[in-house]
Every structure is written in C-alpha cells, then in structure tokens.
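What follows is one structure encoded as structure tokens, with my remarks underneath.
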Protein chains: 2
Amino acid sequence: MSLPHAILTALLEKPSSGLELTRRFDRSIGYFWSATHQQIYRELGRLEEAGYIRALPGDGPVRGQRKAYEVLPAGSGELARWVGGSQDPKAIRDPLLLRVRAAAVVGTDGLLAELRRHLELHRRQLALYEAIEERDFPPGRDSDEDRLRRLVLHGGIGLETFWLRWLEEALEEVGGMADLPGGDPDAAGPADGAGAP
Amino acid sequence: MSLPHAILTALLEKPSSGLELTRRFDRSIGYFWSATHQQIYRELGRLEEAGYIRALPGDGPVRGQRKAYEVLPAGSGELARWVGGSQDPKAIRDPLLLRVRAAAVVGTDGLLAELRRHLELHRRQLALYEAIEERDFPPGRDSDEDRLRRLVLHGGIGLETFWLRWLEEALEEVGGMADLPGGDPDAAGPADGAGAP
DNA sequence: AAGTACATGTAACAGGTTACATGATTCA
DNA sequence: TGAATCATGTAACCTGTTACATGTACTT
C-alpha cells in the first residue's frame, strides 16, 4: 500500500499529469519507489474515485490530452495518517544474496563476473546520489523540509555504500575459489546453512 | 523469478516436504527470501511439472499426507544457469524512506515513535544474525561452501547495520524538529526534492 | 500527408498476500 | 469422540510487469 502514498507525495510537491509523474518516478521519488506509467494511471484513477485527488479544471475528458491532478484535503489527511502509522520493516528479499547461497550448492560458475558488474553499477548509483546531494543540498540551507529530504537521500547513499563494501568482500572470497564446480554433497556444511536459533 | 530457485536451493540442501520448506522459509533461507506456504505449494507443483523436482517414492497422492521432494538433475542445471546469469540489481523500494519524504510535505507527526520502533526491531535482527554467525561459523572451519554461506549472512549483517546507523541519524534529525505540522508550501525546498541530474 | 513525440489508456499475466477448506494423526 | 495439531491445498484479490492500442500536437 505504498504506491498511492508515493503519488500523493509527488502531487503535493507539485501538481502534475500522468506523464509528468512518470518522468518524476524515473528519478527523484523514483529512486526510492519506482513505478511504471501503467501503474501510475491505474492508481490516479483510484485516487480520484476515492476523493483524494481531482483533475485540475479546464481539461475535458479527452483521450490523448494532458490531464493534471492536484491533491484534495482528504488526500493529504490520508498521507499524514500513513506517515505516522505503524508498518513493520519488510524482510530482506534479495536475489543476489540468494544466488550466492545457491552457489554454495551448485558452484560459483559465472558468479565472479556478475559480482564485478554489480559493483560497477552500484558505484555509479552512489556517484549519482552524491552529485545530487552536492547540487540540491549545499551547506547553509537547512529548513526542516530540506533536512528530511536530505535524510532520505542519505538512505540511498548508505544502501549503495553497503553494497559496495559487501561486493568487495564477495569478490575477495569468490575470487579465491577455484571455480568450485557442482557442489559435492558429502563435503557440504551444516545441513540448514545459516540456520535457526 | 527467484522463488523457484530459492526452493531448488533449499531442496538441494535437504530434500523436504512442503511444510518443512515452509518452516525453513521462516528462518535460514527465509532471512533472504521469504515465502508463505501457499506460495511454496504452488511453486512445488510447477517445479514438479517442469521436471525439476520429483516427489520421493513411497507417498501416494493423498491430501493430508506428507509428501517430500528431491531435486532432479534438470533442476540443479537450471539453478546453476541462474546463478551464473545476469540480473540487474533492483531499484530501492522502501516504505520507510518514502514516509520520511512524505513527512517533508505533510509533517512528521507520529514519525519519531515509528523510527524508534524500527530501531529496536533492527537491533534485534542484527543480534540474531550475529548469534547465528557465532554458532554456525566458528573460526577454523572454512570450506568454500561455508565461506559462501557466511558471506550471505554478512549481507544481512551489513544491511541491518546500515539501518541502525540511518535510523540513528534520522532520530537525531527528526527529534530536533518541533513536530512540524502540515507542510507549509511557501517554505518548501526545491520543487522536485532530491531531483534529477 | 506522413512521421515523430507526447499523452493516456487496455489487456493479459505473474508474483505475493490473505482467508478459507479439507484431510490425517495424535492424544485427552 | 472430540479437540488440537500436522499437512496440503483452493480461491480471491492486489501489486507489478509486459505488450499493445488509441488519440493529439507538432514538424517536415
């Protein structure tokens, strides 16, 4: 239940049409909650029906034509409720960690190159976030709003930094293995791997 | 497309029934790829039909009765292919970061308590991972399989550590704000927040 | 008049979540 | 025999993804 709230946030920052939102979900907000244009149009319809947003007047309901939305009081109310509510953090669900675990049973063939590729991708993403911080949050300006948005950006920076460190450790470990082919069942470690308490 | 591979990995580590798998997805593998029992049974059916796994002989197709599966050669082949393949890292999609960003426009009411709650949850999770490392990976044992599994665990430890640090920063920032009520549009920062290059 | 970019949608499907249903086994 | 537990499954729904469809505005 986060996409509607992501859209409400984006529209509060600036009333927009579906396509403008789509563009902003390719950067900005999209760095922390991505969405395709199909999702956005579907959700705009629902939000309008729920009375959270409305189409700005002056636009007939024509198909190929721009239609901009703004948030209604009920919408910002719902958003504020959501911000202050309680939501457990979601469990980790990462394919790369899973692949390393699978490599322990079927071998690391091809894994090293993939780890190097990910390292490079995360380096670029980190550089991007750091450039944004320098550009959008120069020292001196620090309204509460700015501080909160910089805090979010620091989340992104921290996550990318984590991945860089982990990938460096992974490259060292996997690089030192002689391409361990199909996992030898008799040599396997604890049956349940990183198991339970 | 990761759930089938998570199941193949779990079954290669130890042939199991659906319920046993469900239990192991509540810990162990589940720390990095969670799944409910409904997902698991659905996927077991598909994997069997695809010829990747088979039910261990000796079990009639009775409803309420235990049915254990093992991985066939085609299954470990598919898993090895998947490990060595190419998959881009997924973009960040985190509700808590999104909520902080929303707080910049609708106010931080209720946020502080939620941040504290998350801090406590992540502390516990980190302690759990550290206990597992101590228990399952004592110094001395270091087969390639063990090193890979410990590497995965270090991923979990690194992620939890990141969250702890970020939440501490967040508590300091948000704690210093006088509960900033509804966002004042005129005082808002850059229209697109942490924007684009 | 044709092509391209802009803009809004529909349809079909896969993966994940929640609620419920059914049968077998054990034990009081 | 009735309740609790183990075990497997069905159904409905929501979110996210991919492919495609339709219409407008601008340029050449």
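Each chain gets a letter, A, B and so on, in the order the sequences are listed, and its residues count up from 1.
For A:Leu19, whose side chain is taken as the heavy atoms from C-beta onward, the closest listed nucleotide among C:dG16, C:dT8, D:dA7 is C:dT8. Of the listed nucleotides (C:dG16, D:dC20, D:dG16), D:dC20 has the atom at the smallest distance from the side chain of A:His37.
Look at A:Lys67 and you'll find a side-chain N or O under 4.0 angstrom from OP1 or OP2 of C:dG9. OP1 or OP2 of C:dT8 sits under 4.0 Å from a side-chain N or O of A:Ser17. The phosphate of C:dG9 (OP1 or OP2) has no side-chain N or O of A:Tyr41 nearer than 4.0 angstrom. In this structure, A:Arg46 reaches the D:dT15 phosphate: one of its side-chain N or O atoms is under 4.0 Å from OP1 or OP2.
In this structure, CG of A:Leu44 is placed 14 Å from P of D:dT15, rounded to the nearest angstrom. Straight-line distance from the NZ atom of B:Lys90 to the P atom of C:dG16: 9 Å, rounded to whole Å. Spacing between atom CG of B:Leu56 and atom P of D:dT8 amounts to 12 Å, rounded to whole angstrom units. D:dT8 atom P lies 14 Å from atom CZ of B:Phe25, rounded to whole Å. Taking atom CE on B:Met1 and atom P on D:dT17, their separation rounds to 15 Å, with Å as the unit. Straight-line distance from the CD atom of B:Gln39 to the P atom of D:dA7: 20 Å, rounded to whole Å. When the P atom of C:dG16 is taken as reference, atom CG of B:Leu3 falls 6 Å away, rounded to whole Å. The interatomic distance linking A:Glu20 (CD) with C:dC6 (C1') rounds to 11 Å, in whole Å.
For the pair A:Ala35 and B:Gly18, both in contact range of DNA chain D, the more 5′-proximal nearest nucleotide belongs to B:Gly18. The residue among B:Gln38 and B:Arg23 whose nearest nucleotide of DNA chain D lies closer to the 5′ end is B:Arg23.
For B:Tyr129 and B:Glu133, the side-chain atoms include no donor-acceptor pair closer than 3.5 Å.
Between B:Glu78 and B:Arg81, at least one side-chain N (NZ, or NE/NH1/NH2) sits under 4.0 Å from a carboxylate O, which counts as a salt bridge. Under the 4.0 Å criterion applied to side-chain N and carboxylate O atoms, B:Glu168 and B:Arg165 are not assigned as salt-bridge partners.
Residue B:Tyr41 is tested with B:Leu19, B:Leu21, B:Thr36 for a side-chain contact (heavy atoms from CB on, under 4.5 Å); the sole match is B:Leu19.
Heavy atoms of other residues, nucleotides or ligands lying less than 6.0 angstrom from CD of A:Glu120 number more than 12.
If you check distances only, the side chain of A:Arg93 never reaches the base of C:dG15 with a donor-acceptor pair under 3.5 Å.
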